[in-house]
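Order of the sequence lines fixes the chain letters, A, B, ..., with proteins taken first and strands second; residue numbering starts at 1 for each chain.
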Amino acid sequence: MLGTQRKERIDGLAESGGDTTAGVSLAASAWRRLRRSPTFLVGAGIICAFVLLALVSPLLAQHDPALRLLEEQVSRADNEIPAPQPGFPLGGDQYGRPLLSRVLLGSQQTLLVALLATVIGLGGGLTLGILAGAFGGWVDTLVMRVVDVMLSVPSLLLAVSIGALFQQQSQFTVIIAVATVQIPIFGRLLRGTMLAQRASDHVLAARALGVRQRSIVFRHMLPNALGPVIVQATLMLAVAIIDAAALSFLGLGAADTSTPEWGQMLGSAQNFFDTHPHLAFWPAGCIIVVALGFTLVGESMRDALDPKKRR
Amino acid sequence: VQSQRGEDNGQTMVFGAPGAPALFDPFYASDGETFRVTRQMMEGLVGFESGGVEVEPELATDWNSSDDGTKWTFQLREGVKFHDGTDFNAEAVCANFERWYNQTGTGQSSALSYYWIETFGGFAGDDEPSLFSSCEAPDPTTAVINLTRATSKFPAALGLDSFSMQSPTAMKKYEADKVEAKGSGFEYSEYARKHPTGTGPFEFDSYDQNNQSVELRRNDDYWGDKAKLDRLIFKVISDESVRKQELLSGGIDGYDFPNPADLDSLRQQDFNVQVREPFNVLYLGMSQKKNPALRKLKVRKALAYAVNRENLVNANLPDGAKVANLFYPSSVDGYADDVAKYSYDPEKAKRLLNEAGHSDLTIEFWWPTQVTRPYMPDPRGIFNSLAGDMRKAGINVKPVSKPWNGGYISDVNKGDAEVFLLGWTGDYNSPDNFIGTFFGSTENQFYTKPAPWGEKLANRLDAADKEPDPTKRERMYTEINRDLKSKYLPAVPLSHSPPAIVTAPHVKGLVTSPLTAEEFASVSIEK
Amino acid sequence: MTDSSRTITGAETSPVGTDPADTLVEIDDLRVHFPIKRGIVLDRTVGHVYAVDGVSLRVGRGETYGLVGESGCGKSTLGKAVLRLERPTGGSIRFDGTDMARMSGEPLRRMRRRMQMVFQDTLSSLDPRQSVESLLVEGMRAHGLDRDGKSTERELRELLSSVGLPASALRKYPHEFSGGQRQRIGIARALAVRPDLVVADEPVSALDVSVQAQVLNLLEDLQEEFGLTYLVIAHDLAVVRHVARRIGVMYLGGLVEESDSDVLYEQPLHPYTRALLSAVPVPEPEVEDQRERILLSGDLPSPAAPPTGCRFHTRCPWRQPTRCDSERPELRDVGGGHRVACHYAEEIRDGIITPNSVEGNSSAGVS
Amino acid sequence: MLRYTVRRLGQLLIVTVVLSVLLFGWLRALPGGPVSALLGERATEESRARLVQQLGLDQPLYVQYWKFVQRAITGDFGVSTGVQPGTPAMEVFLQRMPATLELSVLALLLAVAVGIPLGYFAARRQGGWLDNLSITWSLIGVAVPVFFLAFLLKYVFAIEFGVLPASGRQAAGIDATHATGFFVLDGVLTTEWDAAWNALIHLLLPAIALSTIPFAVIFRLTRASVLDVVEEDYVRTARSKGLGAMVVRGRHILRNAMLPVVTTIGLQTGALLSGAVLTEQVFNIPGIGQALSLGFQRQDYAVLQVVILATAMVYVLVNLLVDLAYAAIDPRLRTR
Amino acid sequence: MALLEVRDLSVRFVRKSEPTVSAVDGVSFDVHPGSTVGLVGESGCGKSVTSLAIMGLLPGRGTEVTGSVNLEGSELLRLSRREFDRRRGKDLGMVFQDPLTSLNPVVPIGLQISEVIERHRGLSRRDASREAAKLLERVGIPDPDRRLKEYSHQLSGGMRQRALIAMALACEPRLLIADEPTTALDVTIQAQILTLLKELVAETGTALIMITHDLGVVAGMCDEVNVLYAGRIVERAQRHELFSQPRHPYTAGLMASVPRLDSPRGQRLAPIEGSVADNIPWEGGCAFSPRCGNALAVCRERAPELETVEQGRLLRCHNPIGAAEMERAHD
Ligand SMILES: Nc1ncnc2c1ncn2[C@@H]1O[C@H](COP(=O)(O)OP(=O)(O)OP(=O)(O)O)[C@@H](O)[C@H]1O
Ligand SMILES: Nc1ncnc2c1ncn2[C@@H]1O[C@H](COP(=O)(O)OP(=O)(O)OP(=O)(O)O)[C@@H](O)[C@H]1O
Ligand SMILES: [Mg+2]
Ligand SMILES: [Mg+2]
Ligand code: NI
């Protein structure tokens, strides 16, 4: 047995261990580095600003974005679109709807579309990934073959294919189309990290302890496999916004445009690009900035979580 | 092609076409992009006046019909040769007619012989009697066409591009009738793809599918005024803003169907924007199949009052668009001015709905996506505008949108769409070509079968078509038009939109046609 | 699959001092083969890695059994198979009389309480997202040992203090400790379910020399306190010799020699064991300067394509032209529970056979 | 190596078969269909029914699929109904493939030619102005929707300044001979230099637009990979041998750093094909991207089938080639 | 005269936003031609950094190297990059710890050896490659012509290490540094490599700096041993003296905590308490004092200096082992 004196000494060491040991948890040190990374700060700033905008936009927008308040000033024949005027700082769109209100409220839909698409994609990917990664064997083989086939079609093609399946085009079809593209990506990613977890010693230890399979998967494997997935999801939010815009551009966006969404505003402004570029610039600018925000945050998180970059 | 390289190519015009031609045999075609090309190379017995819709002589110099309207005799122009050097004569005319009439198998598909079926009905050996009976060639310059009955379509229908005269020798040599259904489409003959042979001012040079351009060259042996251009190139540019940019950057010399929004700026930059006489109609269709409320005349009238067509034309339609009072433009026979007009009156609409017992009427309003048509340049805008109007009149609108080819057309044609947007571009000057196709059947998009007058209307249209006496016929059509607006109102005509055509300032001599049937023989480039 | 080795029955090879009643783990002809898979749609098995191929041994209750061998010879796989973390391809594992090889599902899970593992890599074997408390409680919970909060709490404190950690460690996370402390946590986790058997797979090889000694001492203390049985796996013969009373030497999936640790050091019989012993450096210049080194040529062959006959014959300085490359030697008792798998063990011991130079390697032989 | 290739080709075959079944079912599930497309707005129920029968679309799906497979094996995928009506779909694909390839290859070349050197130098001067500038550039490049960038480029260079053509592959007036379908190559082969030049300047804007994302990915990966490799032990070994800077850079750093980049280049084909759909639309380039979007708009089963299937095959094949190339430069894989 | 003189070598890593690490702190030692000097110590004590500093291979940015490293009269720390490149590989060779990662995976072994020969001996590619084959043969790799074309992954761990040694010795350098050359290898392979090194050093007369944490290795190889702790040399002695009577408590602790093959079983190990993590910086007193059983109050206040305590032995300790007996003996 250890003598009491030595025990105490070791106790003391353990007490002081927290601040002297070299290893600091991955998450904590990642966060420490993130807080100092200008990339992250800029990105997070952008995202916060836009999320805030989306939340307060109903208060900021003075008009109902669906109403054609300036319809009289629209003339197809003379190519007239309402100019900025009192009460309408940005004028109207090609149907005479208030542009500023649409740009403001567009933030809600755009973020929602991106978020839902990513959440659905993530959900699907998680399910596939967990199935494949947790069970292995033929489940893994089967799931991965499905994923392979999905991945063998270039992403936009897949999105367009899925989008075209729906009779009525709506924001919902856009979400599903964009989400479908993400499923195999998340699935593969998660499977990889899950498999790595499955072979890891701490999972082996849990198994040796007789912990139940379900609890091993959800308490030990999943939480540790999620890091890269979360990073990917952040990056995917940017991709989702851009993909949704591309679908709108190809004519697969929501048919009903009364609720504004930037991608769809940009898509429908393409015919006016030469003569009324501001119709495209506002939504495009917003898309680029938000996408940039998510990309910055995702990239900086990836860097921060990269064990190679520690030190 | 190679041989001409490096030399001065003389006058070349590049025209931006919105779509690719399917083939170069107009008989099997029914789309404007094919006709745009074949029209330059081929001619029919009759043609349409330059800039108008009236019939005038082309390969036939004169014609007359028997009193019962079943025997048509054509005097043919002399000294006309096909591009392959063979003679155009009465035998060639009959060879063409017989080719059309004797189509078999795939050739009888309405996806191919659409205009034949529309105009002449059936084929040889069909149960259904064809309008065509026989063709005789008593002498080389006289062709006689025998019909089974009189029709209002003659002789104007013969001016349709599908019925252009093509060289029997070439057609035989390159197996023109060899079309096959393959997968979900048709594979055309070598003739139709590479060797179209007509009598027109231009002849076929090449179709560069890699670059999506069709090249024609001048026919130096043309019987009439020779074309001024040496070469005429149609370049396929499907996107309308790209067509505009190409024109601006000098890549093309002109293009069709500009975006109405661009007209103004194009004009300001000295481009020659020519707005054609409208020869189409956009209507608010109503189907009496699903929604019983729409079987009530008062409800339909209420809808007619509810929509603000003036505003629609102003805000959503291009320069030169007009509010439509009838289902066809005034240049067509039988036009009546004194019909019920239904000017915008939401209060009245509400009242009528009340009276009909449908004060809280709910309708499905269908509109198409992924399409623009000459009569409907911006379906979403038009829908938005009309739906707004209807809502103001207290009607609950349930929007239904489908891709044009992704279910819209097929569902509307089944009569499944309660209220919908659709239109028609006329082929030639005949009321039958408009209202005959609309209401000649009771089980189509309008589904007039449940209406007490549905059958009757169809019969009246049929009778008018069969009337050989032009004056009498015109009166019958006028009557029908009046009743259509007041008693029946199966749909609400909305507007006639003129499709425009744009050319660069150096392009001279282009005469537009209401039928969008421009001929480029008269065009020259003056830089 | 190999067929050359036959099961060695317990009676004739029973090691001294471990009569059957006192045997905790009894392994018979254990095989663990990993399929090598390759395929277009569904993977086909194209071969096997013979990680463990016919090992028989027994571990007595309260005893420490040490397992040494070169990297890749199948030590860890054997250890995992004993805990049924790896499914055996063949053979039997009896734990306290119960056959574990065919066990699965809930009974296996419950069985797991009685046998635990301590891992080599101190950081990766602890879930970085769990506090020490939840790491320790987890096993207890899985086996219904945490009946009420208070007594669990007390138990945890006792446990921590017996591995030399302060109670305040409970709320910390693994990364907040040094390597030696983490290994203590790993040991505490294993002990939390009060096992009979602890398999320690290279428990100290990732630690600094000074810390190594702390952990080795701790293991010894705990054995005394809890009456544990150890199966200690290491590649360092000195470590194994220090902690274990009986030592098994493994080579390429098989046990080549097994004996009491002092006997093994004094009189190694198997050529491989001899080479191993002569290769371990000793921190004593005099010893080092006078040592005779038996240098082996070449490296460990691939366990996917083990040599025929004696697995060691490709590197053996005592290799004989007959039998060695054709007949796989059985593990046989040469007296006093000293078992060795070599056809010529006695001849080598008695100096009848002397090492010959193996061609192709200049530095082979005795130097 | 051979086994590996065969194995991968087998996988390609399976992907193709599975995909063809999925595609076939999927296309039939699409609303509308070729009948509407063929008959247009003037269709009647009756003519529709007749056409359905004529085209055999009323037969059970498995019969249709079997027929499709039989024909497909001979390269006959049916005839286009919407994109280039009347032309066999395979021909449509083959005619349009060169345009897309030309565009993608140029875009990839741009991305590689700029991305790799820039990535290397950015890594070597980590934190310097070049590094920060190119990182910013690559991040923004990813955030800008490809089609919007294409619009912008067109607007600025073709319309405002008029220095580059706005659309198409070659001016219609240029009388060029087309032998291979690769216009630039054609021009070079036939020594029609003006045609080659004309085709090249037509490619420039779309290629730049298309290359932004591959550029960003290749640049960043090169940079990260060089940063990793520089810290590897073997680079230290190379330095300890006193080798010259050029040898260390070329043989020891770049050769290793390029390994992941090569794989990414393969993966970028997917991005390029996706981007081509958008770029070709904006620049009216008659390539397969345009064929796809037109095919969807006009419900052209035949063309969609060929194009999606072929695209997937090209994608898988390119990745196979890249993997083989990878194996060729990475000896660790070669001997496996 | 010494071949290599290291004087007061210090290496500090200065990082923005992170505390400065003083990895090596005033290390001085000499290496004489043909002799073997050992550097021993626990992980992180600065062994590798010392060797890299001598080789000039430390990362340029954020590293401060002071002191002097003098090889045959020329000051290495003051050489320009290009001059250093000309010396490395020719006058100085190095063998690294992990043979797998230290070899370029995508360049054939042969080229990796012949490129050194090409560079420093000015031979043609063909001649260099013939030389390389000879070298491989000499380090005991059979069938060298075939091996030349192979890649590192095709070799076993032992062969890789041999190839690395061949590379380092290609130009017969005057000084060879081996940084834990056998740590990643199995004991039987380790024995092969150590024997090989010994032979080669004896044959070529190359001086060797042997870096290891394994006291057993040092005991068999080195003439003089330096024990490092937290970046400083705490004890230096000839190996026989050092092992027979360690004076620094740390050295003694290390020896007592290693389980020995030849010690009778049942003898308890006497570990050093705590771990390297308990280091305090030398400014705060003796860095080892928190773990030291002999620590006095002065140890916590003032860092001891490295002093010569007897012939050939240097010690950095206020209270060395055996101090009391020594004093008694003196009295
Ligand atoms: N899950 C597995 N699948 C396939 N092969 C395996 C697996 N686990 C181990 N092996 C192989 O089995 C052999 C024995 O491995 P094992 O880990 O038991 O060796 P070891 O003696 O513990 O070695 P080390 O000292 O390196 O830990 C090795 O060749 C290894 O590659
Ligand atoms: N590039 C670097 N940047 C910052 N700190 C470093 C760097 N390289 C080494 N160090 C630090 O310097 C100290 C000495 O490291 P060194 O690698 O010399 O240890 P070592 O004695 O070789 O240990 P080991 O036995 O683990 O190889 C360590 O604390 C290490 O963290
Ligand atoms: Mg192991
Ligand atoms: Mg080191
Ligand atoms: Ni002990």
Exercise for review: Classify the side-chain pair E/E180/E/H213 by whether it contains a donor and acceptor separated by less than 3.5 Å.
Suggested key: yes
Check your understanding: Given a strict heavy-atom distance threshold of 4.5 Å, which part of E/I177 is in contact with chain D: side chain, backbone, both, or neither?
Key -> neither
Check your understanding: Of the backbone (N, CA, C, O) and the side chain (C-beta and beyond), which part of E/Q112 lies under 4.5 Å from a heavy atom of chain D, both, or neither?
Key -> both
Practice item. May I ask you to check whether over 12 heavy atoms, not counting those of E/R146, lie within 6.0 Å of atom CZ? Key: yes
Check your understanding: Under 4.5 Å between any side-chain heavy atoms of E/R121 and E/C171, yes or no?
Key -> yes
**Study point:** The single option from E/R125, E/R130, E/E131 passing side-chain contact (heavy atoms from CB on, under 4.5 Å) against E/D127
**Key:** E/R130
Point to revise | Heavy-atom pair count under 4.5 Å with chain E, highest-scoring of D/V248, D/T237, D/L259 | key: D/T237
Review point. Using a distance-only test with no angle check, is there a side-chain donor-acceptor pair under 3.5 angstrom linking E/E115 and E/H120?
Key: no
Practice item. Answer with side chain, backbone, both or neither: which region of D/V247 has an atom nearer than 4.5 Å to a non-hydrogen atom of chain E? Key: side chain
Exercise for review: Tell me yes or no: between the side chains of D/R223 and D/Y120, is some donor less than 3.5 Å from an acceptor?
Suggested key: no
Exercise for review: Can you see which heavy atom on E/S152 is nearest to which on E/N104, and at what distance?
Suggested key: OG-O, 4.1 Å
Review point. Out of E/V95, E/L52, E/D98, E/L164, which one racks up the most heavy-atom pairs below 4.5 Å with chain D?
Key: E/L52
Review point. Does any non-hydrogen side-chain atom of E/I209 lie less than 4.5 Å from one of E/S51?
Key: no
Check your understanding: Of the non-hydrogen atoms in D/H252 and D/N256, which two are nearest, and what is the gap between them?
Key -> O-ND2, 3.1 Å
Study note, to complete from the structure: Among residues 81-93 of chain E, residues within the sub-4.5 Å heavy-atom range of chain D, in order of number, are E/R81, E/D85, E/R88, E/G89, E/L92
Review point. Using non-hydrogen atoms and a limit below 4.5 Å, what part of residues 128-144 of chain D faces chain E?
Key: none
Check your understanding: Between the side chains of E/T182 and E/Q161, does any donor sit under 3.5 Å from an acceptor?
Key -> no
